[in-house]
Q: 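There's a structure below that I have some questions on.
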Amino acid sequence: MNITMIGTGYVGLVTGTCFSEFGHRVTCVDKIGEKIDRLNRGEIPIYEPGLKQLVDKNVNEGRLQFTTDLSSAVPGADAVFIAVGTPASRRGDGYADLSYIYEAAKELASCLNGYTVIVDKSTVPVGTARQVERIVREKNPDADFDVASNPEFLREGAAISDFMRPDRVVIGVESKRAEKLLRDIYKPLYLIETPIVCTTIETAELTKYAANAFLAIKISFINEIANVCEAVGADVIDLAKAIGMDGRIGSKFLHPGPGYGGSCFPKDTMALMRIVQEYGENVRLVEAAVEVNAAQKARMVKKIRDMLGGSEAGNTIAFLGLTFKPETDDMRESPSISIIPALMERGASIKAHDPKGMEEAKKHLPKEVQYCNNAYETCEGADAVVLMTEWNQYRALDLEKIRKLLRQPIFIDLRNVYDPRTMRDLGFRYAGVGRGAMPD
Ligand code: UDX
């Protein structure tokens, strides 16, 4: 199968590479020449575990190539995937900016030859695939094509394994011919009995938003319950374990923390709210999840301030982790982007370390942040340490050493990595999230 992937961002690059690993011949196209040059030199523009090895292997075996030339990449393709960015619109109104998708549709339209399935891979509002269809039809009335929607559910940091062992694949199609072609593309997954859910195009488009909104609601729910645990003296870890054992609830995405971030949940919840408004409908639970998430980040600032005795002014705070989650260098919508400046505005100095995210962090955080080489250097002379992102590197810290390096033994664990009682016994003043119970 010949596949063209338009867009070499996170989704396009991972998807294109994994398709080549399936044995398909894949051409990845991007307008940014510098990005394509880097990829052709074997440099991967993002940090994603396992991706470089897979790109190298498939390039060497001749199944994967990168180009800026769309007009040579589209003719002869059985399927053209559109995986360009859909950033939040610059108007700041929560709508997704679809101009890159429509531009791609226009450009590819005149290059089609022979039957081709044009697949939306980017997360797009309901109705976008139809719009792509109209654009292509208008530009090239004789073209033989179908459109389809094939949303991705990849988690950053685990994208390769999510792609290779997905819970399901969702395909929104209207013609049997397109369905067969997409099923053939995903054939290697039949061997591991991955369910393929075939739906209408609109259903597939909405499925992605519904999945992300549900997960965002689940996180905001457990964050609120964590706050209740703090108020009543209960422990959210035991509580989450107990409710998660109910098969109807499930144990995943019940980890309280500083609020969700990343490229998907914040953007997609906002976009869903805007989509439903246009249809005169409501998603009140989603609206509440968004509000709760903003409040959770603000609450973390207060938690840190309270631990410092009511004022952060004049204190140095050590941040371990800056990215929105571990195993990525992505800083988009990371809670650290709002928490750190809020503390600095009130007179705190910040030292910080992140295993992969420091270069990205510099683009998002005030320039006065002092970046360090490791966790211990970060904690040296600080008044408190905040464990912001649960990187493996921070899961087995030499806690005695940390305590001695700190000016005050204050440990604020926003990911509940450590046990409150052990921390107390080690001499720390410790706060987690939702750890209200402190038995002897
Ligand atoms: C998410 C979806 O999981 C994925 O299916 C979709 O395609 C893109 O968006 P991603 O943003 O990479 O993936 O990360 P994810 O692991 O889902 O975490 C998102 C955020 O939620 C992170 O900030 C994480 O720290 C937070 N989170 C997650 C929690 O606070 N608690 C949890 O229990 C789970």
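Ligands are counted one by one from 1 in listed order, and the atoms in each one are counted from 1 as well. Numbering of residues begins at 1 and proceeds along the displayed sequence.
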Q: May I ask you to decide if Glu377's main-chain N or O and Lys351's side chain share a donor-acceptor pair within less than 3.5 Å?
A: yes

Q: Suppose we call two aromatic rings close when their centres sit under 6.0 Å apart. Are Tyr418 and Tyr430 close by that rule?
A: no

Q: Parallel under 30°, tilted from 30 to 60°, perpendicular over 60°: which one fits the rings of Phe19 and Phe81?
A: tilted

Q: Check for a donor-acceptor pair, side chain of Thr17 on one end and backbone N or O of Leu13 on the other, with a separation under 3.5 Å.
A: yes

Q: Decide ring-ring contact (aromatic ring centres under 6.0 Å, His included) for Tyr209 and Phe214; before the verdict, give the C-alpha distance in whole Å, the side-chain angles of both, and the deciding distance to 0.1 Å.
A: CA-CA 8 Å; Tyr209 284 105; Phe214 187 87; over 10 Å; no

Q: With a 4.0 Å heavy-atom cut-off, what residues sit around ligand 1?
A: Glu152, Phe153, Leu154, Arg155, Glu156, Lys208, Asn212, Ile219, Phe253, Leu254, His255, Tyr260, Gly261, Cys264, Phe265, Phe324, Lys325, Arg415

Q: Determine the interplanar angle of the Phe163 and Phe22 rings, folded into 0 to 90°, and report it as parallel if under 30°, tilted if 30 to 60°, perpendicular if over 60°.
A: tilted

